[in-house]
Amino acid sequence: MKLHGNYKSRMFLTIIAMTLFAALALPIVSSAQEATIQKKEHHHYQLVVVEPLGGPNSYLSAPSFQILNNRGAFAAIANTSTPNPNVNSFIPFNLPDCFVQHSVVLHNGVLTELSVLPGGANAQTTWISANGLVAGFSENGLIDPLTGQPEGVAVLWDDGKVTDLGTLPGGTESLAGVVNSWGQVAGFSSNDIPDAFSIAGFPTQTRAFLWHKGVMRDLGTLGGPDALAGCMNESGQVVGFSYTNSTVNPITTLPTGHAFLWENGKMTDLGSLGGTLSGSFAGGTLCGLNSRGQVVGASNLEGDLLTHPFLWSKTEGMKDLGTLGGTFGHPDWINDVGEVVGFSLTLGDLVGHAFLWRGGVMTDLGTVGTDPDSEGNSINAQGQVVGTSFDLAAGVDLHGFLWEHGGPIVDLNTLVPPGSGLTVLSAVDINDRGEIAGNGVLPNGDLHAVLLIPCDEDHADVEGCDYEPVEAVTEAPVRSAQTTQASTVAAAKAKLSPAEMTTRFRSMMANRRRSLGAMRPK
């Protein structure tokens, strides 16, 4: 699925470019910091590895990241032993290990391989619904005449059967990003109209679609040439990003674009926090929507030099969530209660931390041990948060973490049985049963998708589970935060010019590629 240039970098750098800056002049978060040793009891977890299909690696899905449903079904991607025939070993969304990759689902200890379209080599999952429908894409055996690479098209897997969803008229490639339990699929497709600013990096326009019962519908735009659907809920509401015109802004180098909500045949412009770019994507995932129709994303402020995470609802409109004091922040997930987790730089912009926004208060969740950075990737209905502790400057993930019961943050590797030889690098999704999907690395550098099952009363008879509580010891700064009005941030703002900040963060975020699969530690 080669689009235009490198699909991974083109698509995600375009989206990331909209979220490089955070506001300094609006309410920010100040934090009181106290170094302490805290002990708190947690459950042990049983570690289940998604074994590859003959090759070295298995991976998390991308880019939307509901890859684990409440039934415990985990959608992932696994290497086969077959060398990838694509030029330069190109496969979108994952590390270029040059092996053919197939879609898999792990459920109740059984790994099921999903079909590839006839003639195609590679396929990937992007989403699993509450009832087990799986969305993604598959190569179809054709070569895209515009790119010279194998075509990839949106597919739906239902009980082992793969359905080719096709493309919008004139298009050659598409991707299914999300599917709900009714079999409605939202995603994006190319068409045949040339476009130098295609959101997904196609040589042609990117258009959002909704597919249902064999019919693919173009959802339109907010007035510009492109739109991308990022998420959909069980009610069929769709959120995403759309250009509102075709005029390039000299600061963003993109046309004006806003987040949208599509429902009942109408696309609604959600506006912005004053700037010319806002998107309902959330961090490294494209999904920022809950079952209540609340939307999270990121928006530029007036002047287009700064960006903040936002929360939008029909009753309150777009609300600025602020940051942890730094110049950049974005949300990653919102649960059905309206609690938001994500990433924000702290004051001075030297490090970034995971945050939890709840009831108007943004809390800094800290990091694991001496790790410099962290990000909250997912939060379930019980308020359990999982994420990744990492080194942003080096571009490497270090530890998956859990935050629950008011904290502090705990390294998931301390809650799994010793002896597996695998280090949990990232925790990306947690379902309402407390099961966690993530990525791990073996001593030889091979990456494996992993499922962590809590040894608790809801998982009574799990073979190998240690049901005794474990007392995790955390020695790290514990930070609480309340939203306050900024008094002065001139010193932080003066550290880098807007152009220098753009260059630095674009480089660092591109190197991380955390949403495209875990990164091996150096």
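No hydrogens, no waters, no symmetry mates; every other heavy atom, side chains included, goes into these values. All figures in this text were calculated on a predicted structure; none of them were measured in a lab.
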Exercise for the section: Output yes when a side-chain donor or acceptor of D144 lies under 3.5 Å from a complementary backbone atom of P150, and no otherwise. Expected result: no
Practice task
Quick one: do L165 and M216 satisfy side-chain contact (heavy atoms from CB on, under 4.5 Å)? Show the steps, please.
Solution key: CA-CA 7 Å; L165 306 189; M216 181 178 286; 4.2 Å; yes
Handout entry: Pair D364-H353, side-chain donor/acceptor within less than 3.5 Å
Key = yes
Exercise for the section: May I ask you to test the T167-V153 pair for a side-chain heavy-atom distance under 4.5 Å? Expected result: yes
Fill in the blank from the handout: Minimal heavy-atom distance between Y59 and N439, with the atoms involved, is CA-OD1, 4.0 Å
Problem - Whether H212 side chain and W182 backbone form a donor-acceptor pair below 3.5 Å - result: yes
Handout entry: Flag for E234-S181: side-chain donor and acceptor within less than 3.5 Å
Key = yes
Exercise for the section: Sort and list the pairs that fulfil disulfide (SG to SG under 2.5 Å) and have at least one residue in residues 411-444, not counting sequence neighbours. Expected result: none
Exercise for the section: Step by step, work out the side chain to side chain donor-acceptor pair (under 3.5 Å) result for E151 and N140. Expected result: CA-CA 6 Å; E151 291 182 357; N140 59 10; 3.2 Å; yes
Problem - Any donor-acceptor pair under 3.5 Å from D373 side chain to L392 backbone - result: yes
Exercise for the section: Ignoring hydrogens and angles, state whether a donor on the side chain of E404 or H42 is under 3.5 Å from an acceptor on the partner side chain. Expected result: yes
Practice task
Taking the side chain as every heavy atom from C-beta outward, state whether V179 and L156 have any pair of such atoms under 4.5 Å apart.
Solution key: yes
Practice task
Rounded to the nearest 0.5 Å, what's the gap from CG on L356 to CD on E339? Could you check?
Solution key: 6.0 Å
Handout entry: Pairwise side-chain contact, N413 with T423, heavy-atom cut-off 4.5 Å (strictly under)
Key = yes
Exercise for the section: Give a yes-or-no answer on whether the side chains of E113 and H102 include a donor-acceptor pair shorter than 3.5 Å. Expected result: yes
Exercise for the section: State whether a side-chain donor-acceptor pair under 3.5 Å links N84 with N122. Expected result: yes
Completion exercise
Here the gap from F343 atom CZ to D332 atom CG, rounded to the nearest 0.5 Å, amounts to 9.5 Å
Problem - Test item: T80 side-chain N/O and L53 main-chain N/O as donor-acceptor pair under 3.5 Å - result: no
Handout entry: Minimum heavy-atom distance between S374 and T367, given as atom pair plus value
Key = OG-CG2, 3.7 Å
Problem - R433/N380 under side-chain contact (heavy atoms from CB on, under 4.5 Å): CA gap, chis, key distance, verdict - result: CA-CA 9 Å; R433 301 175 64 200; N380 65 10; over 6 Å; no
Exercise for the section: Kindly indicate whether the side chain of V110, heavy atoms from C-beta on, has any atom under 4.5 Å from the side chain of L106. Expected result: no
Practice task
Quick one: do R217 and W211 satisfy side-chain contact (heavy atoms from CB on, under 4.5 Å)? Show the steps, please.
Solution key: CA-CA 6 Å; R217 176 178 184 175; W211 181 96; over 6 Å; no
Practice task
Quick one: closest heavy-atom pair of V396 and F390, and the distance?
Solution key: O-CB, 3.1 Å
Problem - Side-chain donor-acceptor contact under 3.5 Å, T388 with D397 - result: no
Practice task
Mind listing the closest non-hydrogen atom pair of L451 and G72 along with its distance?
Solution key: CD2-O, 4.3 Å
Completion exercise
CZ of F260 to CE of M267, rounded to nearest 0.5 Å, is 4.0 Å
Exercise for the section: Answer with yes or no whether the side chains of N431 and N69 bring together a donor and an acceptor at under 3.5 Å. Expected result: no
Practice task
Look only at the side chain of K40 and the backbone of G407, and say whether a donor-acceptor pair between them is shorter than 3.5 Å.
Solution key: yes
Exercise for the section: State whether a side-chain donor-acceptor pair under 3.5 Å links S61 with T126. Expected result: no
Practice task
Say whether N180 and S129, considering side chains only, have a donor N or O and an acceptor N or O under 3.5 Å apart.
Solution key: no
Handout entry: For W127 against V178, the heavy-atom pair lying closest together
Key = CE2-CG2, 3.2 Å
Exercise for the section: Specify the closest pair of heavy atoms between S115 and V162, including all atoms of both residues, with the distance to one decimal. Expected result: CB-CG1, 3.9 Å
Practice task
State whether the side chain of N377 and the backbone N or O of V386 hold a donor-acceptor pair below 3.5 Å, judged by distance alone.
Solution key: no
Practice task
Indicate yes or no: at least one non-hydrogen side-chain atom of L452 is less than 4.5 angstrom from one of L412.
Solution key: yes
Practice task
I would like to know whether D97 and N79 meet side chain to side chain donor-acceptor pair (under 3.5 Å); could you show each step before the answer?
Solution key: CA-CA 9 Å; D97 55 27; N79 281 158; 3.2 Å; yes
Practice task
Could you tell me whether the side chain of R207 reaches within less than 4.5 Å of the side chain of S189, counting heavy atoms only?
Solution key: no
Practice task
Answer yes or no: is there a side-chain heavy-atom contact under 4.5 Å between Y467 and D456?
Solution key: no
Completion exercise
One should read off an interatomic distance between Q237 CD and R292 CZ, to the nearest 0.5 angstrom, of 12.0 Å
Handout entry: Backbone of P56 reached by a side-chain donor or acceptor of H448 within 3.5 Å
Key = yes
Handout entry: Note, S242 side chain near L228 side chain (heavy atom, < 4.5 Å)
Key = no
Problem - Pair H405, E41: side-chain N/O donor-acceptor within cut-off below 3.5 Å - result: no
Exercise for the section: Begin from the C-alpha positions of L422 and V49 and carry the test side-chain contact (heavy atoms from CB on, under 4.5 Å) through to its verdict. Expected result: CA-CA 9 Å; L422 184 143; V49 175; 4.2 Å; yes
Exercise for the section: For the pair H330 and E375, evaluate side chain to side chain donor-acceptor pair (under 3.5 Å) and give the outcome as yes or no after the intermediate values. Expected result: CA-CA 10 Å; H330 66 236; E375 181 163 358; 2.8 Å; yes
Practice task
Supply the atom-to-atom distance L175 CG to F209 CZ, rounded to the nearest 0.5 angstrom.
Solution key: 7.5 Å
Exercise for the section: Check whether any side-chain N or O of E173 sits under 3.5 Å from a backbone N or O of G152 as a donor-acceptor pair, and report yes or no. Expected result: yes
Problem - Approximate separation, where rounding is to 0.5 Å, of S174 OG and F202 CZ - result: 7.0 Å
Problem - Flag, side chain of N57 to backbone of L447, donor-acceptor distance under 3.5 Å - result: yes
Handout entry: Pairing of E263 and K314 as salt bridge, 4.0 angstrom limit
Key = yes
Exercise for the section: Spell out, as yes or no, whether a donor-acceptor pair under 3.5 Å connects the side chain of D226 to the backbone of T206. Expected result: yes
